[in-house]
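Notes for the one structure printed next.
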Amino acid sequence: MTAHHVPADLPEHIRHYIGGAPADSVSGATFEVLDPVTNQPYLTASAGQAEDVDLAVAAAKEAFDHGPWPKMLPRQRARVLNKIADLVESRDARLSELETFDTGLPITQALGQAQRAAENFRFFADLIVAQADDAYKVPGRQVNYVNRKPVGVAGLITPWNTPFMLESWKLAPALAAGCTVVLKPAEFTPLSASLWADIFREAGLPDGVFNLVNGLGEEAGDALVKHPDVRLISFTGETTTGETIFRNCAPGLKGMSMELGGKSPAVVFADADFEAALDSTLFGVFSLNGERCTAGSRILVERSIYDEFCARYAERARNIVVGDPHDPATEVGALVHPEHFDKVMSYVEIGKTEGRLLTGGGRPEGLDTGNYVAPTVFADVKPDARIFQEEIFGPVVAITPFDSDEEALELANNVKYGLAAYVWTTDLTRGHLFAQGIEAGMVWLNSHNVRDLRTPFGGVKASGLGHEGGYRSIDFYTEQQAVHITLGDVHTARFGAGKDKV
Ligand code: NAD
């Protein structure tokens, strides 16, 4: 294994960013951030409390009420967004280096995520310029049109898996729409988020449009959700956190978008392209360390190819290169944090009592420290097993056989989640029927997770509420005001006009 790479010029401390300037917490409170390879603290971050969120929201509100951003022409905003994309792209090597160090994600995959972040800004720059709104006419009587307006201050709360990319996913449409924002990044991984402030300033985003408060979810996140001047919350994270935020948004009747957990099925029929399905189902759960909301973490395989599939799958999983996240040869890096490592390891132990362990089952050989988990494959997993039902969010997969299309569909839908699904078959009719029967927000047929940015993104059941993606994101960050204009005479019942009524 190569020596652990520590990026040059790491900051020792990172601060909030409020109204165009870095800021420490009013209380001076900080928290420590760990390097997932050594589990040693390597920097402190300001720990935001309610008073820091108040300052950030006040800056965002001032920029919304009195600043130029919400009133700028879409083309002007698009220019800034495109500059942001250029800057992100030109810094992708540094960005992925820092992201990898902070999250433990393999460097090649972190680089792909940085490029995707740039792409999100370009996409929403294009979309906002091309935005058209509805108009309706009643010939000779009325014209009605939609006047789209940014909602106001948006609260953006993001998780620690692929943090920079997921932040871009919310920042790009919110800014394109003309909102001002307060971002609360995940406390495990605040490093890459600290790069946004310089990128935005250099791209010409006016002060106060983007604000960032670091801190714990229960403190900074909670204060942001409850702040009366925050008009909407876009949240990505765990289902249970989503439920808490949902409750806390109720008193303010805030707009909400929730991207939550998953336990997505990959269904492999006997007529599938076996090799393509094998490659995809391996990548689907072991890429991004398995810390992926859309991971195909349950593989359902038709009985006639089950034994061969399990054998080939285990052989490949055994060969996956686990190692230092900065090594370009690494396929699975270190999990983000020792708490998460303990959670994943506890599921590995549970799995040993619930399924047949084909490979993995603990630490990889030679990696005695750091949050490394060997790619772990369990076969013969029953649908009531915890490793079949619960989101593990690590490099652990459950394989289950099926005998008929009906049984496969029942197994696929037999969990509380409904984020993604993957179906492998060469039978066109079966593929479409099956895809449409699956309770999932997104289905990939004979493909792994490749998403066109115009398509809806979101889950059903416990996996989310609302769909972002494409123009739906713009819908979320804007109000659609209906303006009705009468043409010609107004015909109104003449209340109070007595006998002169007609
Ligand atoms: P988490 O729910 O623990 O935390 C997410 C964010 O919410 C963090 O910034 C956290 O500080 C904040 N938070 C926590 N409690 C809060 C509260 N009471 N009020 C306001 N904010 C609060 O999730 P995580 O462990 O960081 O991320 C992993 C989860 O995210 C997994 O369940 C994964 O499936 C999900 N996820 C979903 C998607 C999707 O698009 N559906 C994408 C990525 C991750």
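Read the numbers this way: they start at 1 and go in the same order the structure lists the ligands and their atoms. For the single chain, residues carry numbers from 1 onward in sequence order.
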Original post:
In terms of residue, atom name and distance, what is the protein heavy atom nearest to atom 31 (C) of ligand 1?
Top reply: Glu391 OE1, 3.4 Å
Subject >> Residue-ligand contact Gly459/ligand 1, heavy atom below 4.0 Å >> reply: no
Original post:
Are the aromatic ring centres of Trp169 and Phe457 under 6.0 angstrom apart?
Top reply: yes
Original post:
Just heavy atoms, cut-off under 4.0 Å: does Phe188 contact ligand 1 by side chain, backbone, both, or neither?
Top reply: neither
Subject >> Numbering as shown, the atoms of ligand 1 that approach Pro185 to under 4.0 Å (heavy-atom distance) >> reply: 9 (O)
Original post:
How about Lys416 and Thr239: does a side-chain donor come under 3.5 Å of a side-chain acceptor?
Top reply: no
**OP:** Considering only non-hydrogen protein atoms, determine which one is nearest to atom 36 (N) of ligand 1 and report residue, atom name and distance to 0.1 Å.
**Re:** Cys293 CB, 3.6 Å
Original post:
Would one find an N or O of Leu260, backbone or side chain, under 3.5 Å from an N or O of ligand 1?
Top reply: yes
Subject >> His340 and Trp160 aromatic centres sub-6.0 Å >> reply: yes
Original post:
Given Asn161, Leu224, Thr189, which has its nearest heavy atom closest to atom 44 (C) of ligand 1?
Top reply: Asn161
Original post:
Among all protein non-hydrogen atoms, which one is nearest to atom 28 (C) of ligand 1, and what is the separation to 0.1 Å?
Top reply: Phe393 CE2, 3.6 Å
**OP:** Report, as yes or no, whether the 6.0 Å neighbourhood of atom NZ on Lys254 holds more than 12 heavy atoms from other residues, nucleotides or ligands.
**Re:** yes
Original post:
Taking only heavy atoms of Gly221, which atoms of ligand 1 are found under 4.0 Å from at least one of them?
Top reply: 19 (N), 20 (C), 21 (N)
Original post:
Can you tell me which residue and heavy atom of the protein come closest to atom 23 (O) of ligand 1, and the distance to 0.1 Å?
Top reply: Glu238 N, 3.4 Å
Subject >> Winner among Gly155, Pro159, Gly237 once heavy atoms are compared against atom 35 (C) of ligand 1 >> reply: Gly237
Subject >> Within 6.0 angstrom of Tyr42 OH, more than 12 heavy atoms from elsewhere >> reply: yes
**OP:** Decide whether the shortest distance between a heavy atom of Ala220 and an atom of ligand 1 is less than 4.0 Å.
**Re:** no
Original post:
Which of the atoms in ligand 1, numbered in the order shown and given with their element, are less than 4.0 Å from a heavy-atom of Thr241?
Top reply: 1 (P), 2 (O), 3 (O), 13 (N), 14 (C), 15 (N), 16 (C), 22 (C)
Original post:
Is any side-chain N of the basic residue among Arg201 and Asp198 closer than 4.0 Å to the acidic one's carboxylate O?
Top reply: yes
Original post:
Side chains of Asp279 and His448: do they bring a donor and an acceptor to under 3.5 Å?
Top reply: no
Original post:
Can you tell which of Gly458, Gly217, Ala295 gets a heavy atom nearest to atom 13 (N) of ligand 1?
Top reply: Gly217
Subject >> Which of the ligand 1 atoms, numbered from 1, are nearer than 4.0 Å to a heavy atom of Phe235 >> reply: 2 (O), 5 (C), 6 (C), 7 (O)
Original post:
Considering only heavy atoms of Thr236, which atoms of ligand 1 have at least one such atom less than 4.0 Å away?
Top reply: 5 (C), 36 (N), 37 (C), 38 (C), 39 (C), 40 (O), 42 (C), 43 (C), 44 (C)
Original post:
Taking only heavy atoms of Leu166, which atoms of ligand 1 are found under 4.0 Å from at least one of them?
Top reply: 43 (C)
**OP:** Could you say whether the N/O atoms of Ser463 and ligand 1 ever approach to under 3.5 Å?
**Re:** no
Subject >> Distance-only donor-acceptor check, side chains His227 and Asp54, under 3.5 Å >> reply: yes
Subject >> Nearest-neighbour protein heavy atom for atom 12 (C) of ligand 1, which is reported as residue plus atom name and distance >> reply: Ile157 CG2, 3.6 Å
**OP:** Examine ligand 1 and decide if any of its atoms is less than 4.0 Å from a heavy atom belonging to Phe457.
**Re:** yes
Subject >> Exercise check, heavy-atom protein proximity under 4.0 Å to atom 4 (O) of ligand 1 >> reply: no
Original post:
If you measure every N/O of Glu187 against every N/O of ligand 1, is any gap under 3.5 Å?
Top reply: yes
**OP:** Would you check the N or O atoms of Thr244, main chain and side chain alike, for any that come under 3.5 Å of an N or O of ligand 1?
**Re:** no
**OP:** Count the heavy atoms of every other residue, nucleotide or ligand shown that sit under 6.0 Å from NZ of Lys382, and state whether that count exceeds 12.
**Re:** no
Original post:
For the side-chain contact (heavy atoms from CB on, under 4.5 Å) test, which of Asp102, Leu105, Thr158 pairs with Thr189?
Top reply: Asp102
**OP:** Scan side-chain atoms only and decide if Ser27 and Gln49 contain a donor-acceptor pair under the 3.5 Å cut-off.
**Re:** no
Original post:
Does a donor on one side chain and an acceptor on the other come within less than 3.5 Å for Arg292 and Ser287?
Top reply: yes
Original post:
Any idea which protein heavy atom is nearest atom 9 (O) of ligand 1, and the distance to it?
Top reply: Thr158 O, 2.8 Å
Original post:
Do ligand 1 and Ile245 have nitrogen or oxygen atoms that lie under 3.5 Å from each other?
Top reply: no
Subject >> Distance in Å, Thr108 OG1 paired with Asp327 CG, rounded so as to fall on 0.5 Å steps >> reply: 9.5 Å
Original post:
Atom CD1 in Ile350, atom NZ in Lys352: separation rounded to 0.5 Å?
Top reply: 11.5 Å
Original post:
For Thr239, is at least one N or O under 3.5 Å away from an N or O on ligand 1?
Top reply: no
**OP:** Using a strict cut-off of 4.0 Å, indicate which atoms of ligand 1 neighbour a heavy atom of Leu419.
**Re:** 41 (N)
Subject >> Heavy atoms from other residues, nucleotides or ligands near CZ of Phe31 exceed 12 (cutoff 6.0 Å) >> reply: yes
Subject >> Proximal atoms of ligand 1 relative to Trp160 (non-hydrogen, under 4.0 Å) >> reply: 24 (P), 25 (O), 26 (O), 27 (O)
**OP:** Would you mind telling me if ligand 1 is within reach of the side chain of Arg292, the backbone, both or neither, using heavy atoms under 4.0 Å?
**Re:** neither
Original post:
Ion pair present between Glu259 and Lys170, side-chain N to carboxylate O less than 4.0 angstrom?
Top reply: no
Original post:
Under 3.5 Å, is there a donor-acceptor pair linking the side chains of Glu391 and Tyr417?
Top reply: no
